[in-house]
Amino acid sequence: QVHLMESGGGSVQSGGSLRLSCVFSGVASSTYCMGWSRQVLGKEREEVAVIDVDGSPDYTDSMRGRVTISLDTSRSTLYLQMNSLNPEDTATYSCAYEPGPCGQIYYGTGYFFQNWGQGTQVTVSS
């Protein structure tokens with residue numbers, strides 16, 4: 001069973017940066033897709049970025065140009081570097097995992113992940 005644990009959230013002023021981390025364990029597949037999404041209470045989850053274990057990252061328009069997703073397989077850790085944050089970025093950020101390549105779980109408008117962490121809160125003040 002895959003276990004995902006996020007950290008790195010917190011409070012930051014507008015224009016600031018944060019780096020989120022997601023330590024994972026229990027991955028049995030050598031090929032897998034991982035991603036970051038965010039959710040504001042009462043609203044739908046919004047994808048931010050995904051990355052294949054051996055491929056290129058893919059960013060959605062929500063934070064494109066302000067975030068970088070990376071994966072350190074030696075540390076079993078997924079990262080999300082976020083820059084130029086603004087109050088609209090306030091949300092709970094969660095990491096996700098799915099075996100197989102990202103293209104295999106893409107359904108036209110998003111990626112279908114079934115394994116999620118608990119999330120870490122990011123609050124951006126103006």
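Everything numeric in this text was worked out from a predicted model, so none of it was measured. Residue numbers count from 1 along this sequence.
- Applying the side-chain hydrogen bond (donor to acceptor under 3.5 Å, both in side chains) rule to pairs touching residues 106-117 yields D58-Y111, E98-Q114, E98-N115, sequence neighbours excluded.
- Aromatic ring orientation, F24 versus Y32: perpendicular (interplanar angle above 60°, classes split at 30° and 60°).
- Side chains of V122 and L18 form a contact here, defined as non-hydrogen atoms less than 4.5 Å apart.
- For the residue pair T31 and S29, no side-chain donor N or O sits within less than 3.5 Å of a side-chain acceptor on the partner.
- Residue-environment remark: CZ (R64) exceeds the threshold of 12 foreign heavy atoms within 6.0 Å.
- The two residues T90 and V124 have their closest heavy-atom pair at OG1-N, 2.9 Å.
- The two residues P99 and Q104 have their closest heavy-atom pair at O-NE2, 4.2 Å.
- Under the side-chain hydrogen bond (donor to acceptor under 3.5 Å, both in side chains) criterion, the residue pairs touching residues 17-28 are S17-N83, with sequence neighbours excluded.
- One distance of note links OG of S11 with CD of Q121; it measures 8.0 Å at 0.5 Å rounding.
- Going from atom CG of L20 over to atom CH2 of W36 covers 4.5 Å, rounded to the nearest 0.5 Å.
- Here the closest non-hydrogen pair linking P57 and I69 is CB-CG2, 3.5 Å.
- Between the side chains of Q39 and T92, no donor N or O sits under 3.5 Å from an acceptor N or O.
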